[in-house]
Protein chains: 2
Amino acid sequence: MSQENNEVTVGQASQACGPAGEPCAPGQAKACTVREVLDRVGGKWSIGILVAASQGPVRFTELERRVEGISRRMLTLTLRNLERDGLLHRTVHPTVPPRVEYTATPIALELHGALVALTDWAERHRSAIADARATYDRARGAAD
Amino acid sequence: MSQENNEVTVGQASQACGPAGEPCAPGQAKACTVREVLDRVGGKWSIGILVAASQGPVRFTELERRVEGISRRMLTLTLRNLERDGLLHRTVHPTVPPRVEYTATPIALELHGALVALTDWAERHRSAIADARATYDRARGAAD
DNA sequence: CCGTATCCGTAAGGATACTG
DNA sequence: CAGTATCCTTACGGATACGG
């Protein structure tokens, strides 16, 4: 396969922000920047992989087991994107049974740190959100 | 339209986590929780709307202008989901020209706080990531 | 063991037209 | 002004089979 057409590069939905500039409407700059991150690691599996790799080098098959639910295809795809963005480092050991290890880069480790803020938020308001949802759904569902 | 079939509720791709529990593999609990958040506000427009609404009550048309690029359809859809999750409050003023205002709830304001950690991360590593991308693409693009 | 290629379903999102 | 409804395109992601 050539590189002329890469079907699904997993996370490249960004189009409002330039590659390294901020052509966003004033007041939207922050939202725009956050979107950049989400377009990168907002995929279904990126975070799971990042978390696993943040605890030390992991092998392909190990990730397949640890992330659990991920398909080979998505694992490879997400891995490539993470590597491409410099969040993971890929080391190939040319042994008889191939051995590939993925390691989180310092950048990825910092991201992991930033994610705990999100986790914390989710933990705190998890029930409140579920409650709001239930209330909303009941109101709209029963009223008709 | 009844509510029997809601075509696209914008963000409900989560399936690995229970509604309020954590049936995740050990070591993945954190990733799972973060996914919950992203499944909620990971949409293309959620953050932009949230940021705009976090600075005070906004009207529908004003959002349409401020978010810029969003379609009427997606604005409505995202608004509904945000309201459903208790992140926005919708106030209808029964005036002659209808006037609807959206206000960020305290929960949303807290999220906004958590997002700055992400923004900060993105700002710091923006160029490094772009660089990594370019390097990766050149290596794979030229070698073939 | 570590991937790739192909096929296919679903769902997010855009364009456009119409309405209370 | 503040939405809805309908159509359509694309991107995400799953299943499966094959290859170094």
Side-chain angles (χ1 to χ4, degrees), chain A residues 1-16 35 38-49 57-65 67-81 83 88 90-102 140 144, chain B residues 1-16 35 38-49 57-65 67-81 83 88 90-102 140 144:
Chain A
M1 174 183 85
S2 304
Q3 75 297 337
E4 53 175 2
N5 181 15
N6 16 353
E7 187 216 345
V8 51
T9 324
V10 162
Q12 89 297 276
S14 196
Q15 97 295 16
R35 273 257 104 261
L38 296 187
D39 285 342
R40 242 182 289 280
V41 297
K44 191 174 183 182
W45 305 106
S46 306
I47 310 240
I49 293 176
V58 270
R59 301 180 57 179
F60 188 89
T61 316
E62 200 187 333
L63 279 170
E64 213 173 354
R65 272 180 288 116
V67 175
E68 200 162 4
I70 194 171
S71 65
R72 250 199 185 84
R73 168 184 154 78
M74 287 317 293
L75 180 54
T76 306
L77 243 35
T78 312
L79 245 18
R80 286 293 106 83
N81 278 276
E83 186 195 356
L88 284 185
R90 182 167 177 265
T91 318
V92 184
H93 301 274
T95 54
V96 184
R99 178 190 184 88
V100 181
E101 281 188 336
Y102 293 91
R140 298 215 100 214
D144 188 32
Chain B
M1 173 184 87
S2 305
Q3 75 298 335
E4 52 175 6
N5 182 15
N6 14 354
E7 187 215 344
V8 52
T9 323
V10 163
Q12 88 299 286
S14 195
Q15 96 298 14
R35 274 254 106 262
L38 296 187
D39 285 342
R40 244 182 288 279
V41 297
K44 193 175 181 181
W45 306 105
S46 306
I47 309 237
I49 293 176
V58 269
R59 301 179 56 179
F60 188 89
T61 316
E62 201 187 330
L63 279 170
E64 213 173 352
R65 273 180 288 116
V67 176
E68 200 162 3
I70 194 170
S71 65
R72 249 198 185 83
R73 168 185 154 78
M74 286 318 291
L75 180 54
T76 307
L77 244 34
T78 312
L79 244 19
R80 287 292 107 82
N81 278 273
E83 187 196 356
L88 285 185
R90 181 167 178 266
T91 318
V92 183
H93 302 274
T95 54
V96 184
R99 179 191 183 86
V100 181
E101 281 187 336
Y102 292 92
R140 298 214 99 214
D144 188 29

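Keep in mind it's a predicted model, so treat the numbers as computed, not measured.
- With rounding to whole Å, A:Leu38 atom CG is found 12 Å from C:dG13 atom P.
- B:Thr76 contributes atom OG1, which lies 8.0 Å from atom CD of B:Glu64 (distance to the nearest 0.5 angstrom).
- B:Glu62 is linked by a side-chain hydrogen bond (donor to acceptor under 3.5 Å, both in side chains) to B:Arg66, counting only residues two or more places apart in sequence or in another chain.
- Look at CZ on A:Arg65: it is 10 Å from P on C:dC2, rounded to the nearest Å.
- Interface residues of residues 92-101 of chain A facing DNA chain C, ordered by number: A:Pro98, A:Arg99, A:Val100; criterion, heavy-atom separation under 4.0 Å.
- Distances shorter than 4.0 Å separate none of the side-chain N or O atoms of B:Lys44 from OP1 or OP2 on D:dA11.
- Contact check for A:Leu88 versus A:Ile49: side-chain heavy atoms found under the 4.5 Å cut-off.
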Name each donor-acceptor pair under 3.5 Å that joins a side chain in residues 95-102 of chain B to protein atoms two or more places apart or in another chain, with its distance.
{"unit_1": "B:Thr95", "atom_1": "OG1", "unit_2": "B:His93", "atom_2": "O", "d": "3.4"}
{"unit_1": "B:Thr95", "atom_1": "OG1", "unit_2": "B:Pro97", "atom_2": "O", "d": "2.6"}
{"unit_1": "B:Arg99", "atom_1": "NH2", "unit_2": "B:Glu101", "atom_2": "OE2", "d": "3.3"}
{"unit_1": "B:Tyr102", "atom_1": "OH", "unit_2": "B:Arg80", "atom_2": "NH2", "d": "3.0"}
{"unit_1": "B:Tyr102", "atom_1": "OH", "unit_2": "B:Arg90", "atom_2": "NE", "d": "3.2"}

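- Within the model, atoms CG of B:Leu79 and CE of B:Met74 stand 11.0 Å from one another, a figure rounded to the nearest 0.5 Å.
- The structure places CD1 of A:Ile47 at 11.5 Å from OG1 of A:Thr78, a figure rounded to the nearest 0.5 Å.
- Comparing D:dC1, C:dC1, D:dG3 by their nearest atom to the side chain of B:Arg59 picks out D:dC1.
- Atom CG of A:Asp39 is separated from atom C1' of D:dT10 by 15 Å (rounded to the nearest Å).
- Of all nucleotides listed (C:dG13, D:dG14, D:dA2), D:dA2 comes nearest to the side chain of B:Thr61.
- Atom CG of B:Leu38 and atom NZ of A:Lys44 lie 13.0 Å apart (nearest 0.5 Å).
- Over its length, the helix from C:dC1-D:dG20 to C:dG20-D:dC1 turns its helix axis by 50°, as judged from the five terminal pairs at each end, rounded to 10°.
- Counting any heavy atom pair closer than 4.0 Å across all strands shown, B:Thr76 reaches a base atom.
- Using a 4.0 Å cut-off, no side-chain N or O of A:Arg73 falls inside it from OP1 or OP2 of C:dC7.
- Contact check, B:Arg90 against D:dG3: a side-chain N or O comes under 4.0 Å of OP1 or OP2.
- The nearest pair of heavy atoms linking A:Asn81 to A:Leu77 is ND2-O, 2.9 Å.
- Between B:Arg80 and D:dT4 there is a side-chain polar atom (N or O) within less than 4.0 angstrom of OP1 or OP2.
- At least one donor-acceptor pair under 3.5 Å links the side chain of A:Arg35 to the backbone N or O of B:Gly42.
- Regarding B:Glu62, its CD atom lies at a distance of 14 Å from the C1' atom of D:dA2, rounded to whole Å.
- We find that CZ of B:Arg72 is positioned 18 Å from P of D:dT6, with the value rounded to whole Å.
- Protein atom CD of A:Glu64 is 10 Å distant from nucleotide atom P of C:dG3, rounded to whole Å.
- The CG atom of B:Leu75 sits 4.0 Å away from atom CZ of B:Phe60, with the distance rounded to the nearest 0.5 Å.
- What separates CD1 of A:Ile49 from P of D:dG13 is a distance of 11 Å, to the nearest Å.
- B:Met74 places its CE atom 19 Å from the P atom of D:dC8, with the value rounded to the nearest Å.
- Side-chain nitrogen and oxygen atoms of B:Ser71 include none within less than 4.0 Å of the OP1 or OP2 phosphate oxygen of C:dT16.
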